Amino acid sequence: MDNNKETDVNETGAESSSEKENSNKKENSFKDIIEIVESTLITVFVIILAFTYILHPVNIVGHSMYPTLNKNYEGVRAEKNDTDKVFMSTVYFDINYGDILVIDKDVNYLLDDNGEAYIPDEYSSINECIIKRVIAVGGQTVDIRDGNVFIDGEAIEEPYINESSSTSDLGAFTNQYPITVPEGYYFVMGDNRNHSTDSRAPSVGLIKKDQIYGKAIIKYSPLSEFDILTDSWKESAND
């Protein structure tokens, strides 16, 4: 009788241990699910935050940045799928030579005889969003002659421009070159020099810092031409 009782007690204890083990497994599985859900929600939140406040998609229209952008663009009748799309970052620490900027050109700035920036009465701004490459920043001297660009007296190599392009003045600073870009302003140009309205034109002129929407950092569409744009000035866009 005593042996049977001991056996009954042992079996009951084994069943109790098994139930606890199953309960612990269920609890751990539930915790794992909660952690996966939390991680997913955090990831989604970070992505939404990034695309809302840091990265913005931009559809490129026009051929002023050819061949770096819109290699397949065919003018005003081009389908939306034929245009390049880039991510623009609104968060950046500085702006340097070669950066590609998205700009709100609501006001044009030229230089007076004292080298000070002013808004001209005789030339109205193109008043549209443009995308161009930084050629010179505040404090640097720009000169355009003989189809070349000189920064601080040195001719710069520009492997990114369209191979059939030749840089020439478009009237913004005629008879003023070389010009010194004031602090807080930028001199920008398109890579397709023969077909770009940029700082050389009086309707654009210099770019003021507060006119910059952001810096183009990635070309993500078409996917076959995915490219990091932050170093696009280092290699030829015609390759």
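Keep in mind that what you see is a predicted model, and the values were worked out from it rather than measured. Position 1 is the first residue of the sequence, and the numbers go up from there.
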- [ ] Show the numbers, then the answer: is there a side-chain contact (heavy atoms from CB on, under 4.5 Å) between C129 and D104?
- [x] CA-CA 5 Å; C129 184; D104 177 18; 5.7 Å; no
Open item on the list: For the CD atom on E225, are there more than 12 heavy atoms of other groups (residues, nucleotides or ligands in this structure) within a distance under 6.0 Å?
Closed with: yes
TODO: Report yes or no: does N192 contribute a side-chain atom to a donor-acceptor pair with the main-chain N or O of M65 at less than 3.5 Å?
DONE: no
Open item on the list: Show the nearest heavy-atom pair for residues K85 and T83, with the distance to one decimal.
Closed with: NZ-O, 3.4 Å
Task: Student check: side-chain heavy atoms of V137 and N96 closer than 4.5 Å - done: no
TODO: Could you tell me whether the side chain of I135 reaches within less than 4.5 Å of the side chain of E158, counting heavy atoms only?
DONE: yes
TODO: Give the cluster check for L170 versus I131: same hydrophobic cluster or not, with ILVMFWY residues linked at side-chain heavy-atom distances below 4.5 Å.
DONE: no
Open item on the list: Would the distance check show the side chain of S125 and the main-chain N or O of K105 forming a donor-acceptor pair, the cut-off being under 3.5 Å?
Closed with: yes
Task: For the student: nearest non-hydrogen atoms of P120 and L110, plus distance - done: CG-CD1, 3.7 Å
Task: Cluster overlap I151 with Y185, hydrophobic side-chain contacts below 4.5 Å - done: yes
TODO: Mark yes or no for whether S199, through its side chain, and G205, through its backbone, hold a donor-acceptor pair below 3.5 Å.
DONE: yes
- [ ] Could you label the plane-to-plane angle of the Y220 and F87 rings as parallel, tilted or perpendicular, counting under 30° as parallel and over 60° as perpendicular?
- [x] parallel
- [ ] Give a yes or no answer on whether the side chain of D198 reaches the backbone of G190 with a donor-acceptor pair at less than 3.5 Å.
- [x] yes
Task: Student check: side-chain heavy atoms of M189 and V149 closer than 4.5 Å - done: yes
TODO: Please answer whether the main-chain N or O of S166 pairs with a side-chain N or O of N194 as donor and acceptor at a distance below 3.5 Å.
DONE: yes
Task: V58 versus M88, closest heavy-atom pair with distance - done: CG2-CB, 3.8 Å
Task: Non-hydrogen side-chain atoms of I130 and E128 separated by less than 4.5 Å - done: yes
- [ ] Can you spot which of R133, K132, R193 makes a side-chain hydrogen bond (donor to acceptor under 3.5 Å, both in side chains) with S64?
- [x] K132
TODO: Validate the cation-pi geometry between R145 and Y177: distance from NZ or CZ to the six-membered ring centre under 6.0 Å, angle to the ring axis within 45°.
DONE: no
- [ ] Using a cut-off of 6.0 Å, state whether more than 12 heavy atoms not belonging to I228 lie near its atom CD1.
- [x] yes
Open item on the list: Can a donor-acceptor pair be found, under 3.5 Å and without considering hydrogens, that links the side chain of N114 to the backbone of E116?
Closed with: no
Task: Residue pair V142, F173: steps toward the side-chain contact (heavy atoms from CB on, under 4.5 Å) verdict - done: CA-CA 10 Å; V142 180; F173 306 105; over 6 Å; no
Open item on the list: If I compare all heavy atoms of Q211 with all of D106, which pair ends up nearest, and what's the gap?
Closed with: NE2-OD1, 3.0 Å
Task: Heavy-atom pair with the smallest gap, counting every atom of G171 and P202 - done: C-CD, 3.8 Å
Open item on the list: Please tell me whether Y213 and L229 are part of a single hydrophobic cluster in this structure, the criterion being side-chain heavy atoms less than 4.5 Å apart.
Closed with: yes
Task: Heavy-atom donor-acceptor pair, D84 side chain to N70 backbone, under 3.5 Å - done: yes
Open item on the list: Would you say that Y66 contacts H195 through its side chain, given a criterion of any heavy-atom pair below 4.5 Å between the two side chains?
Closed with: no
TODO: Check whether the side chains of N108 and Y123 place a donor and an acceptor atom closer than 3.5 Å, and report yes or no.
DONE: no
Task: Distance-minimising heavy-atom pair for G115 and P182 - done: O-CG, 3.9 Å
TODO: Check the hydrophobic clustering (I, L, V, M, F, W, Y; side-chain heavy atoms under 4.5 Å; chains of links allowed) and say if F150 and Y97 are grouped together.
DONE: no
